[in-house]
Protein chains: 2
Amino acid sequence: MKYLRDIEGIKALGKRIKQIRLNQNLSQEELSYKAEIEYSQISRIERGIINTSVSQIFAIAKALNTEPHKLFLFNEIE
Amino acid sequence: MKYLRDIEGIKALGKRIKQIRLNQNLSQEELSYKAEIEYSQISRIERGIINTSVSQIFAIAKALNTEPHKLFLFNEIE
DNA sequence: AAATATTAGAGCAAATTTGCCTTATTTTAA
DNA sequence: TTAAAATAAGGCAAATTTGCTCTAATATTT
């Protein structure tokens, strides 16, 4: 069985996170600080080049004052 | 900066996945087969002892015929 | 109760992620 | 246009995950 990496999925997730972050006028650095996640990792996540962990999703959601499941609503406007 | 592991979060996620799986009368093995994820990994995820990746979340959601975001609705009945 | 099915759990190597640092590139503001 | 801010991007070691295999424990069925 092969290691699983859903490129479409992680791209969509990154796009969605970036969307929410920009809606709140936060820089990647500010999000990084709030979520206690490495600055470069936020960049990798938003660019959709990394298959990140659920714990980082939880941390990002909290830092963005939202619920984890909302990061997976890829068709939302805001 | 320390590696991030949200124990409460991964426990809640595992519980939710198990809930949905049982609702559909699937065994871990069947879910494993459908999602193309190692059998033992499904067990680890449901027990909340592993900080799994978002790609595995996408695969599990698909195997359960549901949307990824629904796996994060921890207060749902069904 | 016995047999069967299901789940838990341990251990290991290989692959991947993550934090950390540094340097480009792009965007924004002065 | 220049300076400053923000983002992209590359490399690397350490930590973690993941697939794989095996055995133990628990639940379900006959």
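Please read all numbers here as calculations on a predicted model, not as lab measurements. Reminder, nothing fancy here: chain letters follow the sequence lines and each chain counts from 1.
- Distance, A:Arg47 CZ to C:dT26 C1': 13 Å, rounded to whole Å.
- Taking only side-chain nitrogens and oxygens, B:Gln56 never comes nearer than 4.0 Å to OP1 or OP2 of C:dT17.
- Across the protein-nucleic acid pair, A:Tyr3 atom OH and C:dT17 atom C1' stand 7 Å apart, rounded to whole Å.
- For A:Arg5 and C:dT17, the shortest distance from a side-chain N or O to OP1 or OP2 is below 4.0 Å.
- Taking only side-chain nitrogens and oxygens, B:Gln28 comes nearer than 4.0 Å to OP1 or OP2 of C:dA8.
- Close to D:dA8, at under 4.0 Å from its OP1 or OP2, lies a side-chain N or O of A:Lys18.
- Contact annotation: B:Gln41 side-chain N/O to D:dT17 OP1/OP2 distance is not under 4.0 Å.
- Distances shorter than 4.0 Å separate some side-chain N or O of B:Ser43 from OP1 or OP2 on C:dA8.
- In this structure, the CZ atom of B:Arg21 is 10 Å from the P atom of C:dT6, given to the nearest Å.
- The side chain of B:Arg44 contributes no N or O atom lying less than 4.0 Å from OP1 or OP2 of C:dA8.
- Put simply, the residue from B:Gln41, B:Arg21, B:Gln19 that forms a side chain to side chain donor-acceptor pair (under 3.5 Å) with B:Glu46 is B:Arg21.
- Taken from CD in A:Glu30 to CD in A:Gln24, the straight-line distance is 11.0 Å, to the nearest 0.5 Å.
- Of all nucleotides listed (D:dC20, D:dT18, C:dG19), D:dT18 comes nearest to the side chain of B:Thr52.
- At the phosphate of C:dT17, neither OP1 nor OP2 sits under 4.0 Å from any side-chain N or O atom of B:Ser53.
- Residue B:Leu13 contributes atom CG, which lies 14 Å from atom P of D:dT17 at whole-angstrom precision.
- Along DNA chain C, the nucleotide closest to B:Glu30 and the one closest to B:Met1 are compared, and the more 5′ of them pairs with B:Glu30.
- Side-chain atoms of B:Ser32 and B:Gln28 include no donor-acceptor pair closer than 3.5 Å.
- Here the P atom of nucleotide C:dA8 and the CD atom of B:Glu29 are 13 Å apart, to the nearest Å.
- Atom CD in B:Glu46 sits about 14 Å away from atom C1' in C:dG9, given to the nearest Å.
- Here B:Phe58 contributes atom CZ and A:Ile10 contributes atom CD1; the two are 8.5 Å apart, rounded to the nearest 0.5 Å.
- Rounded to whole angstrom, the span from the CG atom of A:Asn51 across to the C1' atom of C:dA15 amounts to 12 Å.
- Note that CG of A:Leu13 is 12.5 Å distant from CD1 of A:Ile50, once rounded to the nearest 0.5 Å.
- Rounded to whole Å, the distance from CD on A:Glu36 to P on C:dC20 is 11 Å.
- Of the candidates D:dT18, D:dC20, C:dT18, the closest approach to any side-chain atom of B:Ser40 belongs to D:dC20.
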